[in-house]
Amino acid sequence: MTRASADRWEDGAAIQTVELTRRFGSFVAVERVSLRVRRGEVFGLLGPNGAGKTTLIRMLCGLLSPSAGSAFVAGLDVARAGEAVRRRIGYMSQRFSLYPDLTVEENLTFYGGVYGIRGKPLRTRLEEVLAELALGPFRESLARDLPLGYKQRLALGCAMLHEPPILFLDEPTSGVDPRARRSFWDLIHRKAEAGTTLVVTTHYMEEAEYCHRIAIMDSGKVIALGSPTRLKEEHGCESIQQVFLKLLRGDGGSTWQTPRSPSGESGVLGS
Amino acid sequence: MSPRASNSLFLHRPGTLQASLRRIRALAQKELYHILRDFRTLAIVILMPIVQLVMFGYALNLEIQRVDLGVLDYARTPLSRQLISWFEGSRLFRVFSMDGSAEEADRLFRLRRLQAVLVIPPRFGEEVERRGFSTVQLLVDASDPNAGTLIRDYSRRVVAGLASEKTGSQPLLDFRPTILFNPDLKSAYFFVPGIIALVLVMISALLTSITVAREREMGTLEALLATPVRPHEIVVGKVLPYAALALVDAVFVLAVGVLLYRVPLRGDPLLLLLLTAIYLATGLNLGLILSTVARTQQVAMIMAMVTTLLPTLLLSGLIFPIASMPGWLQALSYLVPARYYLLIVRGILLKGSAWAHLVQPSLVLLGMSLLLLAVSARRFRTTLEV
Ligand SMILES: Nc1ncnc2c1ncn2[C@@H]1O[C@H](COP(=O)(O)OP(=O)(O)O)[C@@H](O)[C@H]1O
Ligand SMILES: [Mg+2]
């Protein structure tokens with residue numbers, strides 16, 4: 001750990017990126033993103049499909065190496081201390097990432113084992129997580145048989161079983177009904193109150209209101225950063241949706257409505 | 001549950017060997033669930049090698065059990081007729097006598113109606129009486145070199161048998177080739193070990209080739225790579241359960257070879273199993289490497305088939321004798337694990353070879369599988385960006 005990164009951890013930053021950039025060939029997916037996420041914060045990453053949210057998160061988890069710039073997570077340089085970083089984070093990917101032929105309990109047990117938790121501590125922790133996520137009734141069900149909302153809960157459970165101080169949740173609420181989304185955000189807030197730092201991406205704009213601070217991304221760049229209230233004030237808008245639209249008009253010709261990457265998802269950034 | 005409390009969950013230091021073994025155990029156990037829950041695949045995995053062995057075995061057996069032999073007898077002496085009756089008496093040949101025309105023989109050859117033609121020259125009997133020996137010509141269709149070799153060798157024995165009968169105990173000309181370990185020229189003896197080698201490397205490469213590709217397809221690989229699991233732990237954790245499965249397959253296949261094809265098991269079965277495990281490891285580790293290259297399960301399976309089936313079939317000495325290959329192919333054959341395993345499995349089954357005879361091929365196989373394992377662990381590290 002370098003002295004600089006240690007300092008960043010001490011002064012309350014859970015995550016810090018410096019000019020973080022990722023190119024795929026000549027295409028720039030993430031362009032010079034500099035961010036700071038405080039400890040215990042719920043930090044939202046908003047933007048249309050193809051904005052670069054997932055690519056940014058993957059770099060923070062050490063799954064993708066940056067083309068330029070650097071990232072510090074939990075005070076550690078991701079490029080240099082990838083494994084130590086991975087022990088301190090939980091990652092819920094935007095794709096369905098459970099083993100469909102394993103039960104809820106087996107999925108959780110597997111992730112416990114991968115993080116080196118076994119025996120009594122594992123059993124205790126398993127019960128805690130099942131209770132916290134209201135997954136108890138499903139513990140013997142195969143993951144493939146769960147309703148979508150509960151699949152996402154299980155994915156969160158797998159990511160947080162080892163009690164990481166930092167959680168990355170990539171579109172955790174996409175595709176589920178508003179009530180399930182609401183209760184998922186309740187879970188997120190309970191984690192934050194317990195001291196966990198959360199980075200959450202979403203393309204549902206009203207969800208911006210659940211975040212302490214948000215970064216709005218488009219075409220790989222962060223185009224707005226701050227608390228939802230401040231962003232609305234700054235731009236004189238009623239809602240984050242309006243902030244988006246205003247930013248876009250200023251930008252001239254970006255494409256919120258027609259995402260750059262075909263995703264098959266409807267209602268991208270629609271309210 | 002504060003973040004600080006989390007440290008209490010880590011009852012061990014994550015960098016230790018013990019921690020590493022725990023992660024491997026978790027991975028292996030999960031893989032075992034996949035195997036046991038997927039009954040269809042499990043059934044295929046267990047039955048396929050046996051079916052393959054039986055099918056290949058019979059196909060290859062039929063081919064050389066009946067050799068259609070045309071006979072052009074220009075001599076028409078008692079001795080030539082005796083020679084022909086010797087061929088008729090052997091179970092390998094079905095003899096067709098032909099009248100006179102060499103063109104007819106040539107035509108039937110090309111039509112593949114005959115696999116061999118015996119030409120007895122006009123002065124055959126006369127020469128034997130006068131000089132004590134004579135020449136007969138045998139034309140062999142060697143487009144299947146093994147069948148060709150077999151026919152040639154068997155014919156020599158027939159001719160030699162005749163010669164020895166003529167002179168009492170002393171053969172005039174001993175044509176007899178030195179056929180060791182398989183004196184009956186039973187094809188099963190020769191082919192069953194080869195098919196065992198083929199089937200085992202194919203199934204083991206197939207097993208592991210799809211595992212990583214499947215995780216990539218399911219999206220679980222990304223989640224897995226975001227954990228502290230190390231590349232070599234994934235590799236080992238995945239190989240172990242499949243190694244057990246492949247070993248079960250190996251026992252079945254060897255049992256079928258011994259019980260159904262009556263291939264003798266002259267050596268130590270435990271030694272055979274141990275060395276078979278090393279051979280399986282080359283296939284399993286090769287499959288893992290392919291798995292890191294292939295993006296989908298389909299592609300992975302095709303790659304596993306291509307990289308195991310063809311080299312093993314063509315370059316290991318299973319069908320074509322290595323000695324009769326062009327030099328560059330002989331050089332290539334050194335890279336095919338089955339080349340070494342054939343020495344081992346034929347040695348233990350047919351010759352009763354002991355460890356001392358098999359050290360060299362065993363060490364080569366061991367080196368190969370360790371190298372492949374290292375490559376796959378390395379490929380995990382460098383190429384598994386999602
Ligand atoms: N592995 C990759 N290779 C090439 N292009 C990629 C790759 N991953 C992402 N991209 C491209 O980078 C852009 C950003 O993608 P992503 O980070 O997934 O956006 P978001 O998560 O905001 O929808 C997209 O245009 C996508 O097509
Ligand atoms: Mg995304």
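In what follows, chains carry the letters A, B, and so on, assigned in the order in which the sequence lines appear, proteins first and then strands, with residues in each chain numbered from 1.
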Engaged part of A/L142 at the chain B interface, taking heavy atoms whose separation is under 4.5 Å: side chain
Let's go through A/E106 and B/Q29 carefully: what are the C-alpha distance in whole Å and the side-chain angles of both, what is the deciding distance for side chain to side chain contact (heavy atoms under 4.5 Å, CB included) to 0.1 Å, and is it a yes or a no? CA-CA 10 Å; A/E106 286 162 353; B/Q29 187 177 24; over 6 Å; no
At their closest point, which heavy atom of B/A26 faces which heavy atom of A/V114, and how far apart are they? CB-N, 4.0 Å
What part of B/E215 lies closer than 4.5 angstrom to a heavy atom of chain A: side chain, backbone, both or neither? side chain
Tell me the closest heavy-atom pair linking A/Y115 and B/A226, and the distance in Å. OH-O, 4.0 Å
Over 12 foreign heavy atoms within 6.0 Å of CD, B/Q298: no
Side chain, backbone, both or neither: which part of B/L224 has a non-hydrogen atom closer than 4.5 Å to chain A? both
Dump the intermediate steps for side chain to side chain contact (heavy atoms under 4.5 Å, CB included) on A/I117 and B/R22, then the final yes or no. CA-CA 9 Å; A/I117 314 163; B/R22 283 185 181 182; over 6 Å; no
Could you tell me which portion of A/F168 (side chain, backbone, both or neither) has an atom closer than 4.5 angstrom to a non-hydrogen atom of chain B? neither
Determine whether a donor-acceptor pair (N or O, by modelled atom type, separation under 3.5 Å) exists between the side chain of A/R95 and the backbone of B/A223. no
Mark yes when over 12 heavy atoms from residues, nucleotides or ligands other than B/M301 sit less than 6.0 Å from its CE; otherwise mark no. no
Look up atom CD in B/E31 and atom OH in A/Y99, then write down how far apart they are to the nearest 0.5 Å. 7.5 Å
Could you have a look at B/R25, B/K30, B/M218, B/E233 and say which one has the most heavy-atom pairs with chain A under 4.5 angstrom? B/K30
Minimum heavy-atom distance between B/R37 and A/D101, given as atom pair plus value: NH1-O, 2.8 Å
Looking only at heavy atoms, what is the nearest atom pair of A/Y111 and B/T220, with distance? OH-O, 4.5 Å
Do you know which of A/G113, A/S97, A/G40 has the most heavy-atom pairs under 4.5 Å to chain B? A/S97
Do other residues, nucleotides or ligands put more than 12 heavy atoms under 6.0 Å from the CZ atom of B/F252? no
Short question: side chain of A/R86, backbone of B/P228 - any donor-acceptor pair under 3.5 Å? no
